[in-house]
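In the text below, chain A, chain B and the rest are named by the order of the sequence lines, each starting its count at 1.
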There are 2 protein chains.
Amino acid sequence: MTKKEIQKLIRTLETYCGDKGLRYTPPRRITLEVIAASKRPIGAYDVIEEMGKVTDKPKPTTVYRAIEFLQEHGFIHKIESLSAFVACHAGHNHEGSQFIVCNDCGTVEEVHLCHLPKDLQKKVDNTGFKMAHWNTEIHGTCQQCQA
Amino acid sequence: MTKKEIQKLIRTLETYCGDKGLRYTPPRRITLEVIAASKRPIGAYDVIEEMGKVTDKPKPTTVYRAIEFLQEHGFIHKIESLSAFVACHAGHNHEGSQFIVCNDCGTVEEVHLCHLPKDLQKKVDNTGFKMAHWNTEIHGTCQQCQA
DNA sequence: AATATAATGTTATATTGTTACATACTCAAG
DNA sequence: CTTGAGTATGTAACAATATAACATTATATT
């Protein structure tokens, strides 16, 4: 994300917290800034390192709590297969996430379909399952890395 | 899986290794047995514990190597969001996996679509991405646990 | 037997994530 | 203005997951 986009995202967080009666605090703000500024998915301990450059180096707990908060409220997503985090690019809360991950360079593209593909939806419906959220991660080699 | 199904799966592994010039070894066999026998996804360290009941308790490396082998050859899958493993239920190698995971009881159902849903396929094609594999994990509450 | 390859054994360590309990901040009711 | 409830952070210890590095053993082929 560009610096401008990050600033906008941070303002969105501030507004969101105000509206919901949640607190807009330094750990939450800085964690989001760091994740949004990263070109690739960033691990929690790398967030700690980055945060250490602008404040006292935080304890894991601090960052994990901020991450949990930001995830719950849709500002970031976890790429499970990498144990790493990216800023949400969709601009609104959604129950499904989809990522295309290059195994070579590690870059990730968020796809963002609004609905679970219907073959899967059918299966979910048939079994009486009540879906909370879903995630798809597609691995392979991006165009650049094939050259 | 039932004991019979496990036995059959183990024979499949043995045959597969024979055909491919790979080795059918105790760590590989026992790791697959343990994972297949588990009602739910089982973590690597629980595999170590279980394996310890039938042989000398193995080191993590031993089990992680067996897991890697079994994954590469399609006998097991990792549920990334749980850091845990399940036996493949599809009976053949496939590039995509889909799981429906109950957040309450932890049971997992493997869906097994043969193809990436077309909205995603389209996106992949458009970006010139060369897909290696893909994985979908659907979380929520199963019918039983809703009662 | 000599060699190459595949696989395991062993030790140590790196990485990721959580628990438990104390302290501080914010807001609203008395 | 203060007390109480709820929200959030600070701190220390630790648990869970995963990998690296190097030695040894097994298997098949020549």
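Two residues, R23(B) and R65(B), neighbour DNA chain D, and the one matched to the more 5' nucleotide by heavy-atom proximity is R65(B). Heavy-atom distances to DNA chain D give each of T61(B) and L82(B) a nearest nucleotide, and the one nearer the 5′ end belongs to L82(B). Mapping A66(B) and F85(A) onto DNA chain C by nearest heavy atom places A66(B) at the nucleotide closer to the 5' end.
A donor and an acceptor atom never sit less than 3.5 Å apart when one is taken from the side chain of S83(B) and the other from the base of dT16(C).
Side-chain contact annotation: S81(B) with H139(B), donor-acceptor N/O pair under 3.5 Å present. Donor-acceptor pairing under 3.5 Å is lacking for the side chains of D119(B) and Q121(B). Side-chain N/O atoms of H77(B) and E110(B) include a donor and acceptor closer than 3.5 Å.
For the OP1/OP2 pair of dT8(C) and a distance below 4.0 Å, the side-chain nitrogens and oxygens of T25(B) include at least one atom meeting the criterion.
Between E5(B) and K8(B) there is no salt bridge, since no side-chain nitrogen of the basic residue lies less than 4.0 Å from a carboxylate oxygen of the acidic one. A salt bridge links E33(A) and R29(A); the closest N-O separation between the charged side-chain nitrogens and carboxylate oxygens is under 4.0 Å.
Heavy atoms of other residues, nucleotides or ligands lying less than 6.0 angstrom from NE2 of H89(A) number 12 at most.
Using Watson-Crick or G-U wobble geometry with both donor-acceptor distances under 3.5 Å, dT30(D) finds its partner in dA1(C).
Rounded to whole Å, atom C1' of dG17(C) lies 12 Å from atom CD of Q71(A). Protein atom OH of Y24(B) is 18 Å distant from nucleotide atom C1' of dA6(C), rounded to whole Å. Rounding to whole angstrom units, CD1 of residue I79(A) and C1' of dT15(C) are separated by 18 Å.
The shortest non-hydrogen separation linking L13(B) to R28(B) is CD2-O, 4.1 Å.
Put simply, chain B comes within 4.0 Å of DNA chain D, heavy atom to any atom, from dT17(D) to dT27(D), going 5' to 3'.
Within 4.0 Å of P27(A), counting heavy atoms only, lie sugar-phosphate atoms of the nucleic acid but no base atom. Within 4.0 Å (heavy atoms only), K78(A) reaches sugar-phosphate atoms of the nucleic acid but no base atom.
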